[in-house]
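In what follows, chains carry the letters A, B, and so on, assigned in the order in which the sequence lines appear, proteins first and then strands, with residues in each chain numbered from 1. Keep in mind that what you see is a predicted model, and the values were worked out from it rather than measured.
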Amino acid sequence: MQITIKLFAMLKNGRFDSAQRECPDNTTIQDILNGLAIPVSEAAIIFVNGRHANPEDDLHHADTVSIFPPIGGG
Amino acid sequence: MLSESERFRYQRQLIVTDWDQEKLKCSTVLVAGTGGLGGVIAQYLAAAGVGTLRLLDDDSVDLSNLNRQILFRTDDIGKPKSILACERLAALNPEIKIEALVERLTEGSASRIAAGCDVIVDGFDNQPGRFLLNSIASRMHIPYIYGAVDEWHGQASFFYPPATPCLACLVRETTPTTRKIPVFGAVPGVIGSLEAAMTIRYLMTGETPLAGQLLIFQSDTMSFDVLCFEKNPTCQVCGAKARAK
């Protein structure tokens, strides 16, 4: 299945802004984080198709995963 | 009742659709932090005529603040931010009441600091402070207008549980970062302006356009997005168990 991954703020440094990946069925968000070497502690906010999600959630074909680090400045 | 001088001062906003200056005049707002975000928020709320502004900041001005904290000047270095902000904003609008609190927000001081506030607006510069603000706002049942920035990126939202999710429903609490957060002035300028606009709109109309939604601003691609999120029923801050305590 095809998944679109969007990374935000510091997470895109050294990676990408947006990319499409072929993934096996039953891929979870945690699998995506592992593949990108993003510790779960760095994925403070996760959305799938514009709705809030958690690392253990399964992904489905054509899903778009958006991952944000902790945003702390002001 | 507005004075003649107030009617003259606010004449350009009094003709804005839905504007209710009396409501703003009767409102009290806590601005938590007076730096990059808080300075912009406080400046716009003061100019608009929010009746009472409570400015909370325990920090003093540092040279490295001045790339983004537009209330302060080079000859302010070493002086307490909330007192300086109070002086600057009183000069901008002497019609309103401004209180400066040179202290840190803690569980112990929260009830006193936030007492009587209609809204708490987030001008903090750290994640632990935001989680504390969220917890206090939820417990005291005060709307919390959230904003945060990092590098080219900014976020804003509105939390008012139990009607809406809270910050802890949205963001997993992580180990506080020790890195210096990259920031330049225009991003907190944009997010702080959005927080001020949201505060004014909420005070006058009770409308909560970003309830359950996270606004994302990316200044590198000049894009705005709005993403949805829902309440976490087991949230440690606003879930059913937390509220029953």
Keeping [X] on the side-chain end and [Y] on the backbone end, is there a donor-acceptor pair under 3.5 Å?
X: A:Asn49; Y: A:Asp63; answer: no
X: A:Arg51; Y: A:Phe47; answer: no
X: B:Ser109; Y: B:Leu105; answer: no

Hey, what do you get for CG (B:Leu53) to CG (B:Leu45), rounding to the nearest 0.5 Å?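 Between atom CG of B:Leu53 and atom CG of B:Leu45 there are 5.5 Å.
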Side chain from CB out, backbone as N, CA, C, O: work out which of these in [X] comes under 4.5 Å of a heavy atom of chain A, or both, or neither.
X: B:Gln218; answer: side chain
X: B:Asn232; answer: neither
X: B:Ile191; answer: neither

Based on non-hydrogen pairs under 4.5 Å, which of B:Gln155, B:Glu230, B:Gln213 is most in contact with chain A?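 Sorted descending by pairs with chain A, the first entry is B:Gln155.
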Between B:Val149, B:Ile181, B:Asp150, which residue shows the highest count of heavy-atom pairs closer than 4.5 Å to chain A?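 Ranked by contacts with chain A, first place is B:Val149.
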For the pair B:His153 and A:Phe8, name the ring-plane relationship: parallel under 30°, tilted 30 to 60°, perpendicular over 60°.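 B:His153 vs A:Phe8 ring planes: perpendicular.
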For chain A, which residues of residues 119-137 of chain B have heavy atoms nearer than 4.5 angstrom: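 B:Phe124, B:Asp125, B:Asn126, B:Gln127, B:Arg130, listed by number.
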Check whether more than 12 heavy atoms from other residues, nucleotides or ligands sit under 6.0 Å from atom CZ of B:Arg104, and answer yes or no.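 No.
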So, using side-chain contact (heavy atoms from CB on, under 4.5 Å) as the criterion, who are the partners of A:Ala53 when residues are at least two apart?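 For A:Ala53 the side-chain contact (heavy atoms from CB on, under 4.5 Å) partners, ignoring immediate neighbours, are A:Ile29, A:Ile46, A:Val48, A:Asp57.
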Worked check of side chain to side chain donor-acceptor pair (under 3.5 Å) between B:Thr34 and B:Asp57: CA-CA 6 Å; B:Thr34 57; B:Asp57 206 313; 3.0 Å; yes
